[in-house]
There are 2 protein chains.
Amino acid sequence: MRRDVFQAIADPTRRAIIMLLAVGALTPNAIAENFDSSRQAVSKHLRILTECEILTQEQKGREIHYHLNAGKMKDLEKWLEQFKQLMAKRFDQLDTVLEQLKSKGK
Amino acid sequence: MRRDVFQAIADPTRRAIIMLLAVGALTPNAIAENFDSSRQAVSKHLRILTECEILTQEQKGREIHYHLNAGKMKDLEKWLEQFKQLMAKRFDQLDTVLEQLKSKGK
DNA sequence: TATGTTTGCAACCGATTGGTTTCGTAAATG
DNA sequence: CATTTACGAAACCAATCGGTTGCAAACATA
């Protein structure tokens, strides 16, 4: 089973959960209140996100507080950065071509 | 059918294709050479990426050149930025709490 | 015109997804 | 001690995914 940040944020509900928990830790019930789907459905998403290590659990009596592990989002950030660098390099090459054309035009 | 950047980059092969095309446009055959899976499997990924408008097609005789539409990646960038802002705000609040504790300690 | 190449598309397949309902358990509450 | 509450886990389901093989069409080439 693939369990990474990319697969985690593919689902819109999970993205919303991440945003919710970015503000502060919440219990499954509190999270589920923000969605149309059942508590169990949300619970499944929480399980997936926990397996991805995007969330951590903190047991408090019979309640479980889900905390966001912001560090795990770095994987996504890194990939996006790598992509942007590749694109920047491409534009640099384009610039070189354009300059060569300009100097030839002289 | 959900067709957005998030779902597009969930698959590792598609992420690799995006990186490949970030360097320059390629034909399906040229792309498929970089992977173990069949040309048809790659073609399916290309279809999905095109439907997401991450790729554009340029017909050249019997060949099709797939170009990257870097602009579409902004959706991902925006979401990540929004997330990071939320986290930053949270840390600001934490700072406030810490400062209040400090001034009380005086 | 016959042949080979490049490509998309449809049919099929097992695995995975995201949801549901049901149940068990542990903690709080009366 | 009985009841309610919070939660995870399991069983089930239709839909989707990512792969395959086998076409057909369009273009290039001999």
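Proteins get letters first, then strands, A, B, ... in listed order; numbering begins at 1 in each.
- Residues Tyr66(A) and Thr50(A) form a side-chain contact, since some pair of their non-hydrogen atoms from C-beta on lies under 4.5 Å apart.
- Of all nucleotides in DNA chain C having an atom under 4.0 Å from a heavy atom of chain A, the first and last in 5' to 3' order are dT17(C) to dA28(C).
- Two residues are said to be in side-chain contact when any heavy atoms from C-beta on lie closer than 4.5 Å; Pro28(B) and Leu46(B) meet this criterion.
- Scanning residues 38-51 of chain B for heavy-atom distances under 4.0 Å to DNA chain D yields Ser38(B), Gln40(B), Ala41(B), Lys44(B), His45(B).
- DNA chain C is contacted by Gly61(A), Arg62(A) of residues 56-64 of chain A, taking any non-hydrogen atom closer than 4.0 Å.
- Between Glu81(A) and Lys74(A), the closest side-chain pair of non-hydrogen atoms is not below 4.5 Å.
- No side-chain N or O of His65(A) forms a donor-acceptor pair with one of Gln57(A) less than 3.5 Å apart.
- The closest side-chain heavy-atom distance from Ile54(A) to Asn69(A) is not below 4.5 Å.
- Put simply, the side chain of Arg90(B) does not reach to within 4.5 Å of the side chain of Leu86(B), judged on heavy atoms.
- Within the 4.5 Å cutoff, the side chain of Phe35(A) has heavy atoms near those of the Leu20(A) side chain.
- Applying the salt bridge (charged side-chain N to carboxylate O under 4.0 Å, His left out) rule to pairs touching residues 24-49 of chain B yields Arg47(B)-Glu51(B), sequence neighbours excluded.
- For Leu55(A) and dG8(D), the CG to P distance is 11 Å, given to the nearest whole Å.
- Contacts of residues 9-25 of chain B with DNA chain C (heavy atom under 4.0 Å): none.
- Scanning for side-chain contact (heavy atoms from CB on, under 4.5 Å) contacts around Ala88(A) gives an empty result, with sequence neighbours left out.
- By the 4.5 Å heavy-atom criterion applied to side chains, Leu21(A) and Ile31(A) are counted as neighbours.
- Listed pair Tyr66(A) / dC7(D) fails the phosphate criterion, with no side-chain N or O lying under 4.0 Å from OP1 or OP2.
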Residue pair Glu77(A), Lys84(B): steps toward the salt bridge (Lys or Arg N to Asp or Glu O under 4.0 Å) verdict: CA-CA 10 Å; Glu77(A) 222 171 310; Lys84(B) 280 159 76 176; 3.1 Å; yes

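- Residues Ile9(A) and Phe6(B) approach most closely at O-CB, 3.6 Å, considering heavy atoms.
- Contact annotation: the side chain of Val5(A) never approaches that of Cys52(A) to less than 4.5 Å [non-hydrogen atoms, C-beta and beyond].
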